[in-house]
Number of protein chains: 4
Amino acid sequence: MRISDKHQKIIDAAVNVFAEKGFFNARISDIARQAGVADGTIYLYFNNKYDILISLFEEEIGKIILEVKKLIEKEEDPRRMLEIFIAQHLGLVRRRKSLAEVLQMELRQSNKFMREYRNTKFIEYIDIISAIIRKGQEMGVFRPEVKPGIAKRAIFGAIDECARLWILNPDTTYDINETAAQVSRIFLAGLEQPSVQ
Amino acid sequence: MRISDKHQKIIDAAVNVFAEKGFFNARISDIARQAGVADGTIYLYFNNKYDILISLFEEEIGKIILEVKKLIEKEEDPRRMLEIFIAQHLGLVRRRKSLAEVLQMELRQSNKFMREYRNTKFIEYIDIISAIIRKGQEMGVFRPEVKPGIAKRAIFGAIDECARLWILNPDTTYDINETAAQVSRIFLAGLEQPSVQ
Amino acid sequence: MRISDKHQKIIDAAVNVFAEKGFFNARISDIARQAGVADGTIYLYFNNKYDILISLFEEEIGKIILEVKKLIEKEEDPRRMLEIFIAQHLGLVRRRKSLAEVLQMELRQSNKFMREYRNTKFIEYIDIISAIIRKGQEMGVFRPEVKPGIAKRAIFGAIDECARLWILNPDTTYDINETAAQVSRIFLAGLEQPSVQ
Amino acid sequence: MRISDKHQKIIDAAVNVFAEKGFFNARISDIARQAGVADGTIYLYFNNKYDILISLFEEEIGKIILEVKKLIEKEEDPRRMLEIFIAQHLGLVRRRKSLAEVLQMELRQSNKFMREYRNTKFIEYIDIISAIIRKGQEMGVFRPEVKPGIAKRAIFGAIDECARLWILNPDTTYDINETAAQVSRIFLAGLEQPSVQ
DNA sequence: TATGAATGAGACTTCATTCAT
DNA sequence: AATGAATGAAGTCTCATTCAT
């Protein structure tokens, strides 16, 4: 195992603590306690508090990218691919609520940091969407005038906002599956060639 | 003048400072300096740092709601209304970049706060979208199976994410007008009754 | 009237506020509000917060000295005089509870101040006791070996501590009259010439 | 060692600083400097500034109670016990002047706090006096009509006030031993059964 | 005289980070 | 590698005092 067991324990603890309190209100000692290590131990694995957040983000989103890519590459139909991406992203909220909260929060974190940190993992993630769209356009399934660079943002934003709602009010909101279905339908209708219908 | 001049000066300064540094990295003394008042003066107008953020949000989004409602109520066609809402929201980013940054950041602020603070102004804002959709459905323009409560989130999320991109990389990205046009087209196509076309 | 009406209003307000919150926790604005004047007005009558405390003390204890002296000088018997002094001091607690609290607190205030401020009014007050004792010794009523300078402290301390108890727990404690009677009896027995009995 | 070395160091430093400046004028950094620790270290041992005062009080008065009880329980004669209590209390002033100052100050501290904080240690301390008196009454040495609950306050107040005088003007006042002797004599004469004499 | 908005120095407290063990 | 006690910088907020009106 390249990455120590404790490294992952700390990441997991940080996910929970950041999700509960937010990055700035989270204390290193909270993370340490939840990870079952001493405060100082954290600094053997991470440079500083912000480094935990960045590492967490890169590693966890890396895993998510692998998962969703594996699911998508089995498919042929770009429409189906998009449905899978959307369902997968929203499914993450149910399966790993705290992680979803942190990833979401992080993207909007203090802009000073975001500007400094070129978030390549996140770009890789949403570029899955634009790749799907491009493929659909090549296949003549999606309308050619849609700009994949804009559409990917629109689609990601839409599902992320639905996720945010669900995170804040898990009970009072629409069922996640239904949300995924609705969002998929809207975007598919919005992207498809009229002639295709 | 109901609200003192200094109240607004502090809000304006806070918008700039929060946008630049983020809420947690912003210091009260930064805001005070930029507002041209003493640190203590801020506490004559706001209870605490977080109260500045909340007040800022409520007051500024209140103005935005008024503006966009005024524009929309002149229109008859729900499709046009949606275009206006989208264009208006994205236009805000160009006209008032710092404000847009803060409002965006704020929505994802430390979830602990967000859970406590029922963000009624924000809900009022996105309910403009669902009202438009409902109207379109009544008029037979938009598809009846679309759930306005989900679609409003999707649409808001899409434009907000596009705004975020533009805020972070104003230069390298698509033109705002083009973005608005693309997003409008996707959603209109996604919402419209096939028969209408 | 030599001393303005507002001067007394501020003193009265300060008595209440100091009694309720203590000197350090009391705010000038509290006193101003209770006195029905503006914060700044207080500084037309007093140099600073501590000056209010000193003035309050000197003026109010001055009145108390006058009152008790007037009562005592009607008497011939030093034993009766002592009883009157004790009853009068404890009676103050019932009649003017807040004032009693402040005077008491003040005597033990931050020693830095107490050392700087020679509390002549207070000395004048307890010297009434030593004068009574001396008179009693001259008349052969009180034992000559008692040192008036020590006895005055002991007597004042005893009644002040009883007052303190009553201030803190007005309900659960002995009746004030009974306390006065008991304390008088103890000290009279302690001071009188055995032969006198 | 149950309580860390630093805990006691901070208490000792606080005694000195509170005695010199008073509780409210004392700064945490003063205490830290005098204790030879960092400011933050204080908060590893105490919750807040006021907690230092309370802890100091409880712990130090606890020790004093133990000492005086040990001395008293060797005696049979209640008169002698009272003398010992008085001498011991006044002796404390000479041996531990700063501590005496703080304990005294504390009893009259901002009444808001005193009302909240049921000062059980102090009550335990002065209940030593009432226990002595009750014992003397049972033995027929002290007069039965004296109420121990009042007398304990009177005696404590008397010696505390003498202590206060000595703390403020150590030079110009009576010798502590003489004061103790005088106060003892007054109270013994005041308490004893006439027939006993 | 009177006001009360404004000032700004200063204190308590927190907590990321270090380092001796 | 691991600990966790200790550090000390830094920020929010308070409030006595001032001064233009």
Euclidean distance, atom [atom1] of residue [X] to atom [atom2] of [N] [Å, nearest integer]:
X     : N      : atom1 : atom2 : answer
C/I10 : E/dT1  : CD1   : P     : 12 Å
B/K21 : F/dT12 : NZ    : C1'   : 15 Å
C/L53 : F/dA16 : CG    : C1'   : 15 Å
C/N25 : F/dA16 : CG    : P     : 10 Å
D/F24 : E/dA11 : CZ    : C1'   : 13 Å
C/F46 : E/dA2  : CZ    : C1'   : 15 Å
C/L44 : E/dG4  : CG    : P     : 13 Å
B/D5  : E/dA6  : CG    : C1'   : 14 Å

Rounded to the nearest 0.5 Å, how far does CD1 of D/I11 lie from CZ of D/F57?
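Answer for the CZ-CD1 pair, D/F57 versus D/I11, is 12.5 Å.
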
**Prompt:** How would you list, by chain and number, every residue that makes a side chain to side chain contact (heavy atoms under 4.5 Å, CB included) with A/I54, sequence neighbours excluded?
**Reply:**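 Testing A/I54 for side chain to side chain contact (heavy atoms under 4.5 Å, CB included), a comparison that skips the adjacent residues, returns A/Y50, A/E58, A/Y117.
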
Query raised in the report: Under 3.5 Å, side chain of A/S55 to main-chain N/O of A/D51, donor-acceptor pair present?
Result: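 Confirmed, A/S55 side chain pairs with A/D51 backbone.
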
Q. Under 3.5 Å, is there a donor-acceptor pair between the side chain of A/Q104 and the main chain of A/D160?
A.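 Judged by distance alone, yes, a pair lies under 3.5 Å.
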
All N/O contacts under 3.5 Å from nucleotides 19-21 of chain E to the protein, with atom names and distances to one decimal?
none

Using the C1' atoms only, state how far F/dT21 lies from E/dT1, rounded to an integer number of Å.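 Their C1' atoms lie roughly 13 Å apart.
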
For the helix from E/dA2-F/dT21 to E/dT21-F/dA2, what angle lies between the axis at the first five pairs and the axis at the last five pairs, to 10 degrees?
->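 The angle, to the nearest 10 degrees, is 10°.
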
Checklist line | Closest-nucleotide ordering on DNA chain F, the 5'-leading residue of B/D39 and D/T41 | finding: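 The residue closer to the strand's 5' end, by nearest nucleotide, is D/T41.
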
Looking at A/V17, A/V15, A/I42, which one forms a side chain to side chain contact (heavy atoms under 4.5 Å, CB included) with A/I52?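 So, applying the side chain to side chain contact (heavy atoms under 4.5 Å, CB included) to A/I52 and each of A/V17, A/V15, A/I42, only A/I42 qualifies.
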
Least distance between heavy atoms, C/I31 atom then C/A14 atom: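 For C/I31 versus C/A14, the nearest heavy atoms are CG2-N, 3.9 Å.
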
Heavy atoms within less than 4.0 Å of DNA chain E: which residues of residues 28-37 of chain A have one? Give them sorted by number.
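Heavy-atom cutoff 4.0 Å gives A/I28.
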
| message | Please compare D/N47 and B/I42 by the position of their nearest nucleotide in DNA chain E and report the one closer to 5'. | response |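 It is B/I42, whose closest nucleotide lies nearer the 5' terminus.
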
Discussion item. Please verify the inter-ring angle class for C/H7 with C/Y45; under 30° counts as parallel, over 60° as perpendicular, anything in between as tilted.
Written reply: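 Plane angle over 60°, so perpendicular.
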
Cation-aromatic face contact C/K49/C/F23, 6.0 Å, 45 degrees
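Yes - C/K49 lies over the ring of C/F23, closer than 6.0 Å to its centre and within 45° of its axis.
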
Is the distance from OP1 or OP2 of [N] to the nearest side-chain N or O of [X] less than 4.0 Å?
X     : N      : answer
C/K49 : F/dT17 : no
B/Y50 : F/dT12 : no
B/K6  : E/dA5  : no

**OP:** Inspect the contact between C/E101 and C/R164 and indicate whether a charged nitrogen and a carboxylate oxygen are less than 4.0 angstrom apart.
**Re:**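 Between C/E101 and C/R164 there is no salt bridge, as every charged N stays at least 4.0 Å from the carboxylate O atoms.
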
Look at the side chain of A/R27 and decide which nucleotide, out of E/dA16, E/dT17, F/dG4, has an atom nearest to it.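 Selected nucleotide (nearest to the side chain): E/dA16.
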
- Message: Regarding D/D12 and D/Q8, do their side chains bring together a donor and an acceptor under 3.5 Å, going by distance alone?
- Response: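 Per modelled atom types, D/D12 and D/Q8 side chains form a pair under 3.5 Å.
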
**Q.** Pairs flagged by salt bridge (charged side-chain N to carboxylate O under 4.0 Å, His left out) wherever residues 25-46 of chain D is involved - sequence neighbours left out
**A.**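 Residue pairs with at least one partner in residues 25-46 of chain D: D/K21-D/D30, D/R27-D/D30, D/D30-D/R33.
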
I'd like to check the salt bridge (Lys or Arg N to Asp or Glu O under 4.0 Å) partners of C/E124; sequence neighbours left out, ordered by chain and number.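 Expected list: C/K69, C/K121.
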
- Using a cut-off of 4.0 Å on non-hydrogen atoms, how would the nucleic acid contact of A/Y45 be classed: base, sugar-phosphate, or nothing?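 Touches sugar-phosphate only.
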
